[in-house]
Structure formats: C-alpha cells, structure tokens
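Some notes on the structure that comes next.
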Protein chains: 2
Amino acid sequence: MEDMSHKSARLDLDELESVFAAMELTNPESAKGRLLTMAAHLFKVRGFDRTTVRDLASAVGIQSGSIFHHFKNKDEILEAVMRDAIVYNTRLMIEGVKASTTLKEQLLGLIRCELESINGVTGEAMNVLVFEWRNLPEEKQRGILELRQYYEDLWLSALESAVEQGMVQGDPFVIRRLLAGSLSWSSTWYRIDGSLSLEHLAEQALLLILH
Amino acid sequence: MEDMSHKSARLDLDELESVFAAMELTNPESAKGRLLTMAAHLFKVRGFDRTTVRDLASAVGIQSGSIFHHFKNKDEILEAVMRDAIVYNTRLMIEGVKASTTLKEQLLGLIRCELESINGVTGEAMNVLVFEWRNLPEEKQRGILELRQYYEDLWLSALESAVEQGMVQGDPFVIRRLLAGSLSWSSTWYRIDGSLSLEHLAEQALLLILH
DNA sequence: GTCTATAGAAGGATAGAC
DNA sequence: GTCTATCCTTCTATAGAC
C-alpha cells in the first residue's frame with residue numbers, strides 16, 4: 001500500500017492521465033497545438049524573452065492580437081509548453097520502466113528516455129522546460145514542479161535500489177543531480193544526425209553511474 | 001615544440017596574461033569593477049533580458065545614463081562579465097594543473113576547479129557565461145570561445161591520457177561534455193553552505209568518470 | 001564620472017468588428 | 001477564431017550640462 005500522506009503534494013496516475021488528455025503540444029490539428037509547437041521552437045531558439053508575441057503570431061500566420069484568444073497572456077504559453085512537455089515524457093518514462101526487467105535495463109531505459117525527451121521530437125519543449133525555468137512566474141513553477149516530482153521519484157527509487165545492490169556508489173540524490181546535468185546539457189552539443197547514436201550516448205552515460 | 005598552425009584560433013599564455021591584467025570583475029575599487037560584479041549578480045538572478053540598465057544603475061547607486069560612460073551598450077556589459085569570468089578561472093585551472101603530480105590528482109583538480117568556479121566567488125559570473133550564452137551577439141561569442149578553448153584543451157589532454165592509461169572508458173570528447181553538464185548544472189541545486197562539501201562533491205564527480 | 005531630460009523604438013495586452 | 005487599431009508601458013541609448 002502506498003503512503004498517501006503526501007497526496008496533496010504528489011500526483012497520482014489518474015491525474016497524470018487527465019492532464020495528458022488535455023495536452024495540445026503535439027496536435028497539429030488545433031490552432032492551439034500549432035501555436036504551442038511553434039512557441040516551443042521559438043522559445044528554444046531565441047529564448048522566451050526575445051520571442052515576441054508578434055514573432056509567434058507571424059510564425060503561425062496570424063496577427064498578434066489573435067494569440068490572446070488562446071492564452072490569457074504570454075506567461076501562459078510558456079506554462080503550457082512546459083506542462084505538455086513534462087506530461088508527455090513522464091508517460092513515456094513510466095512505460096519504459098514497466099517494460100524493463102532488470103535494474104540495469106531500467107537505468108538504461110531511464111537514461112535513454114531522458115536523452116530522447118531532450119534531443120528527440122519533444123526536444124524543443126523539453127529544452128524550454130529546462131532552460132527557461134526562471135522565466136516562469138513562481139506560482140506557476142509550483143504546479144510544474146508537482147508534475148516533475150512524479151518522474152523524479154521514478155529516478156530516485158531506481159537509483160536507491162542500484163546503490164543497495166552495489167551497482168552504483170554514492171548518494172542517490174547527488175548522483176541523480178549530476179546525471180540530470182549531463183543529460184540535459186546534451187542538447188547543447190549532441191546532434192541527433194551526427195555520428196554518435198543516441199543509443200551509444202545512453203550507454204556512455206550509463207557508464208558514468210555504474211561501478 | 002608546440003604546433004603553431006592554429007595560432008590565430010588559439011590563445012597563448014602571454015595573451016591570456018594581458019587579458020587577465022585588464023580584468024575588472026573582481027576589483028571593487030573601480031566603478032567599472034563594481035558595475036561588473038553587480039551585473040554578474042543581476043544577470044544570474046534575473047537573467048540578462050530581465051535586467052534593465054536602470055536596475056543595474058540603481059543597484060550601484062548611479063543613474064541609468066551613466067552606465068554608458070563605461071560601456072558602449074548593454075551587450076558589452078555581458079561580454080565583459082563573461083570574458084573576465086573565463087580568464088580568471090582559466091588562470092586558476094592552469095595553476096591547479098601545474099600543482100598536481102599524478103593524473104588522478106590532476107583530474108580531481110580540474111573538477112574541483114570547475115566546481116569552485118561555478119559555485120564559489122566567481123559563481124555568478126560563471127553562471128552568466130554558461131546560461132546567458134545565447135544572449136551574447138554572435139560576433140562576440142567567437143572571441144569568448146577562443147578564450148574558452150584554452151581550458152577545454154587542458155581538459156581534453158588530461159582525459160586523453162586517462163583513457164590511454166585505462167583509468168577512464170570512452171571517447172574523451174563525449175566524457176568531457178557529459179561531465180561539463182554535470183558540473184555546470186551543479187549551480188542549480190548545490191548550496192555551498194549546505195551539508196555536502198565541495199570537496200565531497202568533487203570526489204563524487206570524479207567517480208563518474210573513473211573505472 | 002555622474003546628472004537630467006528625453007528621443008525613439010518595441011513590446012504586451014485590449015476592444016470591438018467581422 | 002481572426003483581424004484591425006491602438007493604448008500604455010518599458011526599455012536602450014543619446015545629448016549636453018555640471
């Protein structure tokens with residue numbers, strides 16, 4: 001039986017599913033979906049502050065005033081990009097963990113998943129989540145952090161087991177933070193169409209924590 | 001004898017020294033030094049775009065127009081913070097490498113030095129270098145990259161030796177990038193006044209690459 | 001080296017028509 | 001759901017006095 005004492009601060013799977021159902025980021029059918037995809041792109045390439053609502057509007061072929069039919073203000077666009085990015089990738093991560101049998105496989109799966117999230121199709125949105133964090137107003141940060149906790153817990157429990165079994169040395173929290181840095185940072189130098197495959201990179205990253 | 005064919009793209013020690021002599025960041029005696037220290041602080045806390053010249057001016061107790069007596073424009077302030085940060089820390093790193101006798105000691109020294117640079121007294125300026133990079137106009141980026149190459153070369157040659165000796169497994173370039181991510185990212189979660197000492201963190205980071 | 005005053009441009013957001 | 005028109009604020013940068 002799970003400990004429910006933290007329920008208000010955590011997210012259960014049902015909540016995650018309902019947020020997932022409302023995700024628009026990857027939906028090119030809706031105007032809002034196209035806006036979010038383009039916003040992720042522009043926020044990643046130019047940064048949030050240097051992307052104007054006029055830029056975003058003209059990139060999707062509408063006028064700047066029309067943006068505010070879909071979002072109350074510019075901050076809400078940022079929030080939506082981040083929320084959708086994290087929900088989408090948390091779901092992939094849960095599936096990856098379920099699919100793995102050994103602990104080593106699970107760790108590699110988590111690494112692969114995180115590398116995929118930051119360098120693959122949702123890479124721009126994930127980059128925004130990681131590198132534009134400071135631009136999200138504090139009250140909105142809290143909501144996203146709650147979502148993030150779900151997949152950080154996946155990581156921590158995997159690392160705790162690995163330390164218990166002697167596969168990994170050190171404090172799980174510190175290892176997770178060091179590894180999170182390595183993986184997030186990969187988007188600044190890794191090229192998905194280069195000679196290094198994402199799978200090889202994942203294996204090299206796994207080597208960092210295994211002993 | 002060193003290969004001089006890349007001279008134009010590299011930096012020699014004399015040049016480094018002359019740039020170092022012109023460094024103002026850590027000089028509280030000059031108005032420019034105070035401006036740079038405060039700029040590093042504000043750029044780190046709020047980000048470059050969200051820091052106005054008015055903010056900066058009032059933080060050092062002058063009027064916004066007076067800023068432009070010291071710097072031609074706002075971008076030049078950012079450039080100066082970055083240049084001084086990198087020159088200051090490259091020098092520390094060179095000294096650290098010189099002082100170490102074994103290769104393992106050298107690697108630990110490089111890690112310690114990088115952690116110190118991003119979490120210690122020059123931490124705010126180094127954070128600006130790492131996380132506000134995109135805000136520096138491209139032509140200015142080139143000059144800073146040239147400076148940065150000096151200490152990246154220190155890293156690469158140490159890692160190449162370590163791989164040759166079997167201390168470290170994998171491609172030195174990839175290992176360096178993964179490690180650089182870990183170390184830079186530490187400024188987002190590590191607290192220098194917390195229970196984890198910088199020395200312990202350095203040792204944990206060394207564990208990442210050693211096999 | 002700092003001040004005052006202000007030019008000039010750009011950005012977020014709103015209102016109301018269609 | 002999008003357009004037009006525009007308000008209002010904020011920001012960088014300049015000019016010239018002290």
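Just so we're on the same page: letters track the sequence lines, and every chain starts at 1.
Ring geometry for A/F131 versus B/F131: interplanar angle of 30 to 60°, hence tilted.
Protein chain A touches strand DNA chain C; the 5'-most and 3'-most nucleotides with an atom under 4.0 angstrom of its non-hydrogen atoms are C/dG11 to C/dT14.
Legend: residues meeting salt bridge (Lys or Arg N to Asp or Glu O under 4.0 Å) with B/R54, ordered by chain and number and at least two apart, are absent. Not counting sequence neighbours, the partners of B/N135 by the side-chain hydrogen bond (donor to acceptor under 3.5 Å, both in side chains) test are A/R50, B/E132.
Residue order along DNA chain C, read from the 5' end via each residue's closest nucleotide, puts B/Q63 first among A/R50 and B/Q63.
The interatomic distance linking B/F48 (CZ) with D/dT12 (P) rounds to 8 Å, in whole Å. Put simply, NZ on B/K74 is 15 Å from P on D/dT10, counting in whole angstrom units. Between B/R54 atom CZ and D/dT9 atom P there is a gap of 14 Å when expressed in whole angstrom units. Put simply, CG on B/N73 is 14 Å from C1' on D/dC11, counting in whole angstrom units.
At a threshold of 4.0 Å, the pair A/E24-A/K32 does not count as salt-bridged, since none of the basic side-chain nitrogens sits closer than that to a carboxylate oxygen. The pair B/R46-B/D55 meets the salt-bridge criterion, since a charged nitrogen lies less than 4.0 angstrom from a carboxylate oxygen. A salt bridge links B/E17 with B/R91: the closest approach of a Lys/Arg side-chain nitrogen to an acidic carboxylate oxygen falls below 4.0 angstrom.
Among the protein residues, A/S30 comes within range of no part of the nucleic acid, since none of its heavy atoms lies under 4.0 Å from any strand.
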